[in-house]
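Sequence positions, counted from 1, serve as the residue numbers for this chain.
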Amino acid sequence: MADAKIRLYVDHPLGEGQTVPLDRDQAHYLFGVMRRGEGDAVLLFNGRDGEWRATVQEASRRNGLLRVDEQTRAQQIPPDLWLLFAPIKKARTDFIVEKATEMGAARILPLQTAFTNSERIRQDRLQAHAVEAAEQCGGTYVPEVTSLQKLDRLLSDWPEDRHLMFCDEALVGAAQTLGATGGDKWAILIGPEGGFSDEERTRLNALPFAHPVSLGPRILRADTAAVAALTVWQTTLGDWS
């Protein structure tokens with residue numbers, strides 16, 4: 001029997017003795033690509049019930065059935081952190097979603113700003129990337145990837161109890177950080193490749209819940225900035241500290 005090294009996300013309740021059906025794509029991956037068969041073990045998670053070890057009961061290229069045996073890891077909920085970013089080139093947008101999932105973002109929100117290069121996204125594809133990232137990194141939680149929305153509309157409906165870490169490229173080189181700011185609900189805002197417009201920057205700086213920060217002495221690419229900002233927040237206020 002093969003060791004349980006493969007992890008699958010399933011949209012199904014998990015508990016000892018339950019059976020979990022596989023869809024065609026999951027069956028193809030598990031039995032066709034990874035060459036697993038009846039009696040082999042696999043790790044399952046659904047974003048709610050933790051991680052469970054399961055055994056293959058039925059295997060075919062088009063479907064399959066797993067039996068849930070025992071819990072191997074309790075559910076781990078990330079901090080209440082959102083990542084807001086303007087979509088860029090396809091591969092680099094995928095990278096941002098994958099790294100945000102690995103680094104513990106609870107929600108990922110693509111935004112259209114004044115200088116956003118991409119005016120549309122494939123939400124279902126980005127959500128699939130979040131699932132794959134959670135499968136690979138050992139996480140038990142999959143963040144929601146929302147549909148593309150406009151920055152000004154989002155700010156108009158912003159919840160007052162959620163702080164916003166505003167990563168402003170105009171502050172490059174400045175020693176401006178989060179400091180001792182507290183609070184449990186946060187979001188990180190990364191600008192587009194063209195930066196924020198003057199109007200956007202003025203509005204963001206005037207918001208009482210926004211905290212402008214610098215990401216160091218050099219201007220970062222948008223995908224690099226997302227990773228850097230998540231690292232700064234996690235080590236200062238998140239579950240890395």
- Item | Distance in Å, E102 CD paired with L230 CG, rounded so as to fall on 0.5 Å steps | 11.0 Å

- Query: For the atom pair OH (Y9) and CZ (F45), what is the distance rounded to the nearest 0.5 Å?
  - Reply: 7.5 Å

- Under the 3.5 angstrom rule, does the side chain of E58 hit a backbone N or O of P21 as a donor-acceptor pair? no

- Item | Under 3.5 Å: donor-acceptor pair, side chain of N46, backbone of H12 | yes

- Query: What are the two closest non-hydrogen atoms of I121 and P87, and how far apart are they?
  - Reply: CG2-CG, 3.6 Å

- Task: Treat each ILVMFWY residue as a node, draw an edge where side-chain heavy atoms are under 4.5 Å apart, and state whether W82 and V232 are in one component.
- Result: no

- Item | F166 and L207, any side-chain heavy atoms less than 4.5 Å apart | no

- Query: Between the main-chain N or O of L14 and the side-chain N or O of Q18, is there a donor-acceptor pair closer than 3.5 Å?
  - Reply: yes

- Message: With clusters defined by side-chain heavy atoms of hydrophobic residues (ILVMFWY) lying less than 4.5 Å apart, directly or transitively, does V131 cluster with Y141?
- Response: no

- Closest approach of V97 and T101, non-hydrogen atoms and distance? O-OG1, 2.9 Å

- For E135, what residues pass the side chain to side chain donor-acceptor pair (under 3.5 Å) criterion, not counting sequence neighbours? none

- Query: Should L155 and F85 be regarded as members of a common hydrophobic cluster, given that ILVMFWY residues are connected when their side-chain heavy atoms come within less than 4.5 Å of each other, either directly or indirectly?
  - Reply: no

- Note on the structure: CD1 (I188) and CG (L83) are apart, to the nearest 0.5 Å, by 6.0 Å

- Query: Would a distance-only check, ignoring hydrogens and angles, find a side-chain to backbone donor-acceptor pair under 3.5 Å from R107 to T146?
  - Reply: no

- Query: Taking NZ, NE, NH1 and NH2 as the nitrogens, is one of them in K185 or E160 under 4.0 Å from a carboxylate oxygen of the other?
  - Reply: no

- Side-chain heavy-atom pair M165, L237 within 4.5 angstrom cut-off: no

- Query: Are N205 and P212 close enough that some pair of their side-chain heavy atoms sits under 4.5 Å apart?
  - Reply: yes

- Task: Would you give the length of the straight line joining atom CG of L81 to atom NE2 of H163, rounded to the nearest 0.5 angstrom?
- Result: 12.5 Å

- Message: Nearest 0.5 Å, please: how far is CZ in F95 from CG in D223?
- Response: 6.0 Å

- Give a yes or no on whether a salt bridge exists between D152 and K150, defined as a side-chain N under 4.0 angstrom from a carboxylate O. no

- Quick one: are V20 and L44 in side-chain contact, heavy atoms under 4.5 Å? yes

- Item | Non-hydrogen atoms of F31 and G64 that approach each other most closely | CE1-CA, 4.0 Å

- Query: Can you find a heavy atom in the side chain of T224 that is under 4.5 Å from one in the side chain of L215?
  - Reply: no

- Message: Please check this pair: side chain of Q123 against backbone of V145, looking for a donor-acceptor N/O pair closer than 3.5 Å.
- Response: yes

- Query: So if you build clusters from Ile, Leu, Val, Met, Phe, Trp, Tyr with side-chain heavy-atom gaps below 4.5 Å, do L43 and L8 land together?
  - Reply: no

- Task: Could you name each residue pair satisfying salt bridge (charged side-chain N to carboxylate O under 4.0 Å, His left out) that touches residues 6-28, not counting sequence neighbours?
- Result: R7-E51

- Shortest non-hydrogen contact from A27 toward S60: CB-O, 3.6 Å

- Message: Whether the side chain of R73 engages the backbone of G138 through a donor-acceptor N/O pair (distance < 3.5 Å, no angle test) should be reported.
- Response: yes

- Task: Could you grab the distance from atom CD of Q149 to atom CG of L154, nearest 0.5 Å is fine?
- Result: 5.0 Å

- Query: Do the side chains of L171 and L164 join up, straight or via other hydrophobic residues, at under 4.5 Å, putting them in one cluster?
  - Reply: no

- Item | Contact check, side chains of L66 and V10, non-hydrogen atoms, under 4.5 Å | no

- Taking T55 for its side chain and R67 for its backbone only, find out whether a donor-acceptor pair lies under 3.5 Å. no

- Applying side-chain contact (heavy atoms from CB on, under 4.5 Å), name anything that partners E200, two or more places apart in sequence or on another chain. T113, A114, L151, F196, S197

- Can you find a pair of side-chain heavy atoms, one from R221 and one from R92, that are under 4.5 Å apart? yes

- For the residue pair H211 and W233, is the inter-centroid distance of their aromatic rings smaller than 6.0 Å? no

- Message: I'd like to know if R162 and D80 make a salt bridge, using a cut-off of under 4.0 Å between side-chain N and carboxylate O.
- Response: yes

- Task: Give a yes or no on whether the backbone of D239 and the side-chain of Q234 come within a donor-acceptor separation of less than 3.5 Å.
- Result: yes

- Query: Is there a side-chain contact between L204 and D168, using heavy atoms and a 4.5 Å cut-off?
  - Reply: no

- Task: Please answer whether the main-chain N or O of P143 pairs with a side-chain N or O of Q127 as donor and acceptor at a distance below 3.5 Å.
- Result: yes

- Can you name the closest pair of heavy atoms from G37 and D40 and give their distance? N-OD2, 2.9 Å

- Task: Go through the steps to decide whether E193 and F115 satisfy the test side chain to side chain contact (heavy atoms under 4.5 Å, CB included), and finish with yes or no.
- Result: CA-CA 8 Å; E193 290 180 315; F115 299 144; over 6 Å; no

- Message: Quick check against the 3.5 Å criterion: does Q75 have a side-chain atom that pairs as donor or acceptor with the backbone of T140?
- Response: yes

